[in-house]
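Input: a single structure, listed below in structure tokens.
In what follows, chains are A, B, ... by sequence order, proteins preceding strands, each numbered from 1. For the numbers below, each heavy atom of this structure counts, side chains included, while hydrogens, waters and symmetry mates do not.
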Amino acid sequence: ETGVTQTPRHLVMGMTNKKSLKCEQHLGHNAMYWYKQSAKKPLELMFVYNFKEQTENNSVPSRFSPECPNSSHLFLHLHTLQPEDSALYLCASSQNRDPGTEAFFGQGTRLTVV
Amino acid sequence: GQQLNQSPQSMFIQEGEDVSMNCTSSSIFNTWLWYKQDPGEGPVLLIALYKAGELTSNGRLTAQFGITRKDSFLNISASIPSDVGIYFCAGQRLNNDMRFGAGTRLTVKP
């Protein structure tokens with residue numbers, strides 16, 4: 001238990017569906033992240049939020065829409081996804097964005113797009 | 001770019017054997033981190049290294065931050081079945097930008 005909780009753990013959705021992934025941390029951290037993990041590939045950073053403000057968007061398609069209503073919660077809204085978007089989506093948080101700050105990961109949401 | 005090359009991709013070892021894996025990059029990093037990911041779980045931090053040349057241990061795990069700041073290795077001594085999983089290296093720059101290796105999948109045979 002790292003203190004970062006993701007729901008749901010598994011999600012199957014059609015290409016025309018709209019769904020949302022949720023991440024919650026009670027560690028008092030100010031920075032939160034979304035990563036995509038595909039088989040045999042490095043973790044890909046998608047979005048970074050620092051003090052509720054989005055500070056990075058690594059060329060992520062607009063069918064992924066993040067939302068950070070407060071420092072403890074992070075959402076990833078999904079719309080019109082493609083089968084190649086199937087992956088493990090990991091949320092992480094860190095105390096801040098200072099150099100050397102450690103990131104703590106949630107258990108991930110295994111997404112399958114059919 | 002800042003790609004991390006992690007090797008080996010996979011290892012099959014006997015219980016009790018020692019394990020060594022490493023990460024190299026063409027870029028300099030200010031922090032090196034090693035994570036382990038169990039099946040169905042997110043990565044969990046094992047060791048963090050903050051200075052070039054630093055050698056740090058955590059139980060049976062030992063990791064080093066390369067002198068050139070472009071590489072790091074992780075050793076596991078006397079492996080046990082629960083060491084099974086995927087091990088990731090990560091390099092972090094001053095702006096907190098973190099890059100991950102593709103992972104080393106470790107299988108330990110009892």
Side-chain angles (χ1 to χ4, degrees), chain A residues 1-11 21 23-25 27 29-51 55-59 74 87-111, chain B residues 1-11 21 23-25 27-52 54 56 58 63 65 69 72 85-106:
Chain A
E1 178 58 51
T2 63
V4 181
T5 304
Q6 288 187 244
T7 54
R9 293 291 308 275
H10 301 273
L11 177 64
L21 310 185
C23 177
E24 187 173 356
Q25 57 92 7
L27 301 170
H29 290 172
N30 295 304
M32 296 188 77
Y33 313 78
W34 279 117
Y35 284 87
K36 176 183 179 182
Q37 185 177 31
S38 303
K40 298 184 180 180
K41 292 176 66 176
L43 272 71
E44 301 171 51
L45 180 64
M46 300 174 71
F47 301 104
V48 180
Y49 277 82
N50 194 29
F51 291 94
T55 57
E56 282 186 53
N57 175 342
N58 283 322
S59 303
L74 185 65
L88 182 68
Y89 288 85
L90 290 162
C91 171
S93 71
S94 62
Q95 184 63 50
N96 48 49
R97 295 280 287 157
D98 290 346
T101 305
E102 300 167 13
F104 294 82
F105 286 84
Q107 294 173 307
T109 295
R110 173 69 62 186
L111 174 68
Chain B
Q2 300 172 30
Q3 183 177 355
L4 297 188
N5 299 306
Q6 185 171 349
S7 64
Q9 286 188 352
S10 60
M11 301 184 73
M21 59 191 79
C23 263
T24 60
S25 173
S27 302
I28 290 174
F29 289 98
N30 296 90
T31 303
W32 281 94
L33 305 130
W34 285 92
Y35 286 85
K36 182 191 177 194
Q37 186 174 24
D38 291 326
E41 303 289 331
V44 174
L45 183 67
L46 298 174
I47 291 181
L49 303 156
Y50 301 103
K51 293 181 183 178
E54 178 181 354
T56 297
N58 178 6
F65 192 142
R69 296 165 64 192
S72 177
I86 304 176
Y87 292 79
F88 292 97
C89 64
Q92 196 174 49
R93 305 191 74 194
L94 274 180
N95 61 359
N96 203 268
D97 178 30
M98 191 157 65
R99 304 285 164 166
F100 285 84
T104 295
R105 183 179 295 273
L106 179 64

For this session: Decide yes or no on side chain to side chain contact (heavy atoms under 4.5 Å, CB included) for Tyr89(A) and Met46(A), but give the supporting numbers first.
Result: CA-CA 10 Å; Tyr89(A) 288 85; Met46(A) 300 174 71; 3.8 Å; yes
Given heavy-atom pairs under 4.5 angstrom as the criterion, report whether the side chain, backbone, both or neither of [X] touches chain B.
{"X": "Ala31(A)", "value": "neither"}
{"X": "Leu90(A)", "value": "side chain"}
{"X": "Arg9(A)", "value": "side chain"}
{"X": "Glu44(A)", "value": "neither"}

Problem set entry | Exercise: do Ser94(A) and Tyr33(A) side chains pair donor with acceptor under 3.5 Å | yes
Problem set entry | Pair Glu24(A)-Thr5(A), side-chain donor/acceptor within less than 3.5 Å | no
Is it the backbone or the side chain of [X] that comes under 4.5 Å from a heavy atom of chain A, or both, or neither?
{"X": "Leu94(B)", "value": "both"}
{"X": "Glu41(B)", "value": "both"}
{"X": "Gln37(B)", "value": "side chain"}

Exercise. Shortest non-hydrogen contact from Asn58(B) to Leu46(B)?
Worked result: ND2-O, 3.0 Å
For this session: Identify which one of Phe105(A), Phe51(A), Phe104(A), Tyr49(A) satisfies the ring pair (Phe, Tyr, Trp, His ring centres under 6.0 Å) criterion when paired with His29(A).
Result: Phe104(A)
Exercise. With respect to chain A, which residue among Pro43(B), Gly101(B), Ala90(B) yields the maximal number of heavy-atom pairs within a distance under 4.5 Å?
Worked result: Pro43(B)
Problem set entry | Exam field: side chain Asn57(A) to backbone Phe47(A), donor-acceptor pair closer than 3.5 Å | no
